[in-house]
Structures are given as structure tokens and as C-alpha cells.
Amino acid sequence: MRLARKAGAEFVGTFFVTLVAIGVDVAFFTGAGADYVSRWLARGFITTAMIFAFSVVSGAHVDPAVSLAFAIRKDMPAAQMLLYWIAQFAGGFGAAAAGLALWGSAMALGASHPGPHVGQLEAAIVETLLTFLLVLVILATADAEATVGKQSAIAIGFVVAACGFFAGPVSGASMNPARSIPAQLLTGTFDLAWIYAVGPCAGAALAALAATFFFPRPTPGERKAGTGEG
């Protein structure tokens with residue numbers, strides 16, 4: 001039952017992180033009310049809210065790249081990481097399906113994509129760098145009481161928004177395979193999916209390795225962040 005609650009939290013958290021990201025992008029690209037600033041603040045706000053809501057249940061990873069980093073750091077078993085991935089991608093596909101129901105063909109505008117005149121390799125490199133930053137902040141701010149803790153939720157939300165402000169026009173600033181790949185697959189954008197699989201996972205792995213320089217041994221708070229055992 002405890003693992004089911006954790007998977008449920010990852011599903012719901014990823015669902016809403018993805019739905020908000022899709023919705024605000026659709027509103028931005030269709031001129032339906034979202035400006036550039038609100039587009040990225042919305043992403044940061046929903047990430048912060050989901051961490052506050054579910055950090056004590058599952059650790060509120062809501063991103064397969066984050067779970068990968070915790071597994072590399074040996075903060076969570078590989079089997080639990082796979083369970084989280086299933087729940088996260090299920091949440092992502094659920095949000096993409098809801099996006100199709102809400103916005104129809106315009107939902108394609110909410111799927112992550114590189115900016116005009118930006119090559120796929122360049123976008124993948126940017127996703128690697130952005131995810132490296134995000135995951136390093138997550139590992140550095142995991143606290144001892146509330147897993148990917150409530151204390152770190154604001155810092156993480158700031159990073160999500162800041163990455164969007166400066167790199168959104170380059171790669172879409174996804175940093176989350178479950179946010180991007182389901183929306184791409186459901187709208188037939190198969191050629192871009194690799195960017196948002198390889199980039200975030202590479203960035204997360206590099207951040208986990210870099211963290212060993214600053215934090216050679218995982219702290220109790222980091223371990224709680226990995227497993228959601230608070």
C-alpha cells in the first residue's frame with residue numbers, strides 16, 4: 001500500500017506539472033492570454049506546489065530524470081525508480097490525453113520543441129545543461145524533514161522558471177521526459193522525442209556524479225528524498 005501511495009503521488013504530481021506546462025504553452029503560442037513571463041512562472045509555480053503537496057508521500061520527483069539521479073546516488077532502489085518511471089510517464093500520458101481533449105490539434109503547440117533555427121543536437125545539449133542545474137539544486141537542497149523538501153520547493157521552482165526565461169526559446173526548457181515525450185508522441189512528433197529523453201537523463205546522471213564532489217556521501221535528507229520515506 002505504501003508503494004501504491006508513492007506511485008499515486010508521482011502520477012498526480014506529474015499529471016499536473018505536465019498539464020500546466022502544456023496548457024500555458026498552448027495559451028502562449030495561440031495568443032490566448034499567457035505572455036512570456038507568465039508562461040515560465042506558471043511552470044515554476046506548479047512545480048513548487050506539487051513538491052509542497054507530495055514531498056512527504058513520494059519525495060515529489062515528478063520527473064524521471066530526477067528519479068534517475070537519486071538511483072545513481074544509491075538513494076533509492078532501481079526497482080522503485082522503475083515504479084516511479086511508470087507512474088510518471090502514466091501521468092504524462094494522462095495529461096497529454098487531457099490536453100488533446102481540451103485543446104484538440106492545438107495541443108501540439110504545448111509539446112516541447114526546439115526554437116526556430118535551433119538544431120536538435122544543440123537543443124539536446126541545452127536540455128543536458130538545464131537538467132544538470134535542476135538536479136544539482138535538488139540534491140543540494142534535500143533536507144532532513146520533508147524529502148525533496150518543502151524547504152527546497154521554492155528553490156526548485158525558481159530554477160524551473162529561470163531555466164525557461166533564458167533557455168526556453170532554445171529547447172523549450174523541458175528538463176523532464178514525462179512532460180515532453182507523451183505530448184510529442186500523441187501529436188505525432190516522433191523525431192524530437194530523443195532530445196527530451198537523452199538530454200535530461202544525461203544531465204541528471206552528470207549532476208549525480210558532480211554531487212559526489214560536493215557531497216561525497218548522501219545525507220539522511222537526500223536518502224529520504226530518494227525514497228519518500230519521511
Side-chain angles (χ1 to χ4, degrees), residues 1-18 47 50-95 127-128 130-153 155-156 159-160 174-182 193 196-230:
M1 180 61 70
R2 185 163 53 184
L3 283 176
R5 285 196 296 269
K6 293 178 187 298
E10 290 299 307
F11 173 87
V12 173
T14 309
F15 176 91
F16 284 109
V17 163
T18 302
T47 300
M50 291 301 99
I51 294 172
F52 269 104
F54 294 115
S55 62
V56 296
V57 180
S58 70
H61 299 185
V62 298
D63 182 341
V66 173
S67 298
L68 175 64
F70 280 122
I72 292 172
R73 289 276 290 171
K74 298 183 179 180
D75 292 321
M76 68 186 306
Q80 186 174 352
M81 180 194 73
L82 293 175
L83 175 66
Y84 276 31
W85 280 7
I86 291 169
Q88 290 156 355
F89 274 104
F93 274 105
E127 285 295 310
T128 300
L130 299 181
T131 311
F132 176 89
L133 172 60
L134 174 65
V135 171
L136 192 60
V137 169
I138 289 172
L139 293 175
T141 57
D143 67 71
E145 294 186 7
T147 62
V148 179
K150 297 178 193 277
Q151 299 298 324
S152 64
I156 295 166
V159 171
V160 170
S174 168
M175 301 168 279
N176 187 339
R179 174 266 181 270
S180 298
I181 293 174
Y196 303 97
V198 174
C201 289
L206 290 172
L209 295 176
T212 62
F213 176 77
F214 300 103
F215 321 106
R217 294 184 179 181
T219 64
E222 184 185 322
R223 290 196 176 96
K224 291 178 181 179
T227 61
E229 297 292 343

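- The line from CZ of Phe93 to OG1 of Thr18 is 10.5 Å long, rounded to the nearest 0.5 Å.
- Tested against Ser58 for a side-chain hydrogen bond (donor to acceptor under 3.5 Å, both in side chains), the candidates Lys6, Arg5, Glu10 yield a single pass: Glu10.
- Between Thr14 and Asp63, the closest side-chain pair of non-hydrogen atoms is not below 4.5 Å.
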Distance-only criterion, 3.5 Å: show the donor-acceptor pairs between side-chain atoms of residues 196-209 and protein atoms not counting sequence neighbours.
| unit_1 | atom_1 | unit_2 | atom_2 | d |
| --- | --- | --- | --- | --- |
| Tyr196 | OH | His113 | N | 3.4 |
| Tyr196 | OH | Ser171 | O | 2.6 |

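- Interatomic distance, OG1 of Thr212 versus CD1 of Ile72, reported as 11.0 Å (0.5 Å rounding).
- For the atom pair Met81 CE and Asp75 CG, the distance stands at 13.0 Å (nearest 0.5 Å).
- Residues Pro182 and Phe89 share a closest heavy-atom pair of CG-CD2, 4.2 Å.
- No side-chain heavy atom of Thr128 sits less than 4.5 Å from a side-chain heavy atom of Phe132.
- The side-chain heavy atoms of Val62 and Phe15, taken from C-beta on, include no pair separated by under 4.5 Å.
- Applying the side-chain hydrogen bond (donor to acceptor under 3.5 Å, both in side chains) rule to Ser67 yields the partners His61, Gln88; only residues at least two apart in sequence or on another chain are considered.
- The line from OG1 of Thr141 to CD1 of Ile156 is 4.5 Å long, rounded to the nearest 0.5 Å.
- Side-chain contact between Tyr84 and Val66: absent, with no pair of heavy atoms (C-beta onward) separated by less than 4.5 Å.
- Heavy atoms only, all atoms of each residue included: Ala9 and Phe54 are closest at CB-CD2, 3.7 Å.
- What you find for Leu130 and Met175 is that their closest heavy atoms are CB-CG, 3.7 Å.
- Across Ile51 and Ala60, no two heavy atoms sit closer than the pair CA-CB, 3.7 Å.
- Between the CZ atom in Phe214 and the CG atom in Leu136 there is a gap of 6.0 Å [rounded to 0.5 Å].
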